[in-house]
Amino acid sequence: MARRKIVAGNWKMNKTPSEAVALVEELKPLVKSEDVDVVFCVPAIDIIPVVEATKGTNIKVGAENMYYEESGAFTGEISPAMLTDAGVEYVVLGHSERREYFAETDETVNKKMLKAFEHGLTPIMCCGETLEQREQGVTMDFIRQQVKIGFLNVTAEQAKKAVIAYEPIWAIGTGKTASTAQAQEVCADIRKCIAEVYDEATAAAVRIQYGGSVNADTAADLFSQNDIDGGLVGGASLKADFGKIVNYK
Ligand SMILES: O=C(CO)COP(=O)(O)O
């Protein structure tokens, strides 16, 4: 069965609640699509107004992070139940910025993965190498480790519903997109890794996005690769261009 494409915007730390609503209103008519899942991953404080503003559209709402405990004395954190109660369906986990600036590790990402599935949230688990790792030729060793630890104790049934975002760190926010061949090569190998950990059916079901300077010019080539099932888009998701990326064909 063909995998359905999924194009998600990662707003990062941009847009106040009122700006968020204005952006949704601008993008709403542009991101209509019959055959692509469209997700807006927004800052926690924007979630409630964005859920409200996207009602009746094809747009799904995602969070950019969550904590792996149910509730309690974890000042500043957001629980999975808070997200689902607010109408969130997706959650970005282990973005490289969170790994770099907020000390996220493969182990904490794994705890979050398990918690997300427990609550019926679909994780978008990010992985990707630094420029140094690419130059040293250890890209796939590194990514395989991120994927294997991230999916530890995740069942095959859960894994089938997961989204993995391959985001080479050197391509994020740099305007330097990975070539389609580079992106396809890594995404195919991630799928192979999932097949080794689970089985072919799970590998065939999991959706793998490419992320890193995706724009309206590069989306079509990237998203038409065999193992690339859409994109996780940063900067360009905050502009009208996002409509062109969703409707890349
Ligand atoms: O980090 C990204 C999405 O999660 C990519 O960001 P840019 O599209 O701005 O490079």
Side-chain angles (χ1 to χ4, degrees), residues 5-15 19-20 23 27 30-31 36-44 46-47 50 59-66 88-102 104 109 112-113 116 121-131 133-134 139 142-143 146-147 150 162-180 182-184 186-187 190 207-223 225 228-248:
K5 299 281 183 194
I6 174 165
V7 176
N10 173 9
W11 289 11
K12 308 194 179 184
M13 197 175 76
N14 293 295
K15 304 297 169 186
E19 289 168 349
L23 181 59
L27 293 180
L30 307 176
V31 299
V36 174
D37 287 340
V38 180
V39 187
F40 287 7
C41 300
V42 305
D46 296 342
I47 286 171
V50 169
I59 303 164
K60 308 283 188 200
V61 180
E64 297 177 14
N65 180 38
M66 63 164 221
V88 167
E89 294 180 46
Y90 291 83
V91 59
V92 176
L93 296 178
H95 191 280
S96 61
E97 287 149 16
R98 294 215 54 88
R99 293 177 190 259
E100 184 179 352
Y101 307 129
F102 304 100
E104 294 228 354
V109 171
K112 292 178 179 190
M113 288 280 285
L121 288 159
T122 299
I124 300 178
M125 197 202 86
C126 303
C127 57
E129 81 286 4
T130 62
L131 186 58
Q133 286 167 328
R134 177 159 283 271
T139 296
F142 181 68
I143 292 174
Q146 288 184 317
V147 171
V163 179
I164 300 173
Y166 166 52
E167 301 205 305
I169 293 168
W170 49 272
I172 296 177
T174 58
K176 203 175 160 190
T177 318
S179 71
T180 45
Q182 283 173 324
Q184 161 60 22
V186 176
C187 291
I190 292 172
R207 293 190 288 179
I208 306 177
Q209 297 173 313
Y210 167 79
S213 298
V214 173
N215 61 43
D217 296 328
T218 55
D221 260 3
L222 286 162
F223 300 173
Q225 300 298 304
I228 304 181
D229 307 310
L232 184 56
V233 184
S237 73
L238 299 167
K239 303 186 287 193
D241 264 14
F242 193 58
K244 293 191 193 141
I245 296 174
V246 168
N247 293 292
Y248 63 94

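Remember, it's 1-based here, ligands and their atoms both numbered in the order they're listed. Keep in mind the model is a prediction, meaning the values are calculated, not measured.
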Engineer: Would you mind writing out a table of all protein N or O atoms found under 3.5 Å from any N or O atom of ligand 1, naming both atoms and giving the distance to 0.1 Å?
Structural biologist:
unit_1: ligand 1; atom_1: 1 (O); unit_2: K12; atom_2: NZ; d: 2.8
unit_1: ligand 1; atom_1: 1 (O); unit_2: H95; atom_2: NE2; d: 2.8
unit_1: ligand 1; atom_1: 1 (O); unit_2: E167; atom_2: OE1; d: 3.4
unit_1: ligand 1; atom_1: 4 (O); unit_2: N10; atom_2: ND2; d: 3.0
unit_1: ligand 1; atom_1: 4 (O); unit_2: H95; atom_2: NE2; d: 2.9
unit_1: ligand 1; atom_1: 4 (O); unit_2: E167; atom_2: OE1; d: 3.1
unit_1: ligand 1; atom_1: 4 (O); unit_2: E167; atom_2: OE2; d: 2.9
unit_1: ligand 1; atom_1: 6 (O); unit_2: K12; atom_2: NZ; d: 3.2
unit_1: ligand 1; atom_1: 8 (O); unit_2: S213; atom_2: N; d: 3.4
unit_1: ligand 1; atom_1: 8 (O); unit_2: G234; atom_2: N; d: 2.9
unit_1: ligand 1; atom_1: 9 (O); unit_2: G235; atom_2: N; d: 2.8
unit_1: ligand 1; atom_1: 10 (O); unit_2: G173; atom_2: N; d: 2.6
unit_1: ligand 1; atom_1: 10 (O); unit_2: S213; atom_2: N; d: 2.7

Engineer: Walk me through it: do N65 and K112 pass the test side-chain contact (heavy atoms from CB on, under 4.5 Å)?
Structural biologist: CA-CA 9 Å; N65 180 38; K112 292 178 179 190; 2.8 Å; yes

Engineer: Assess the residue pair Q209 and F223 against the criterion (side-chain contact (heavy atoms from CB on, under 4.5 Å)); give the C-alpha distance rounded to whole Å, side-chain angles, the decisive distance to 0.1 Å, and a yes or no.
Structural biologist: CA-CA 8 Å; Q209 297 173 313; F223 300 173; over 6 Å; no

Engineer: Under the rule for salt bridge (Lys or Arg N to Asp or Glu O under 4.0 Å), what residues qualify as partners of K5, not counting sequence neighbours?
Structural biologist: none

Engineer: The criterion is side chain to side chain donor-acceptor pair (under 3.5 Å); which residues satisfy it with N215, sequence neighbours excluded?
Structural biologist: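 Side chain to side chain donor-acceptor pair (under 3.5 Å) list for N215, sorted by chain: T218.
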
Engineer: So among E64, E167, E100, which one has a side chain to side chain donor-acceptor pair (under 3.5 Å) with H95?
Structural biologist: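 In the set E64, E167, E100, the residue that makes a side chain to side chain donor-acceptor pair (under 3.5 Å) with H95 is E167.
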
Engineer: For K60, check salt bridge (Lys or Arg N to Asp or Glu O under 4.0 Å) against everything at least two apart and list the hits.
Structural biologist: E89

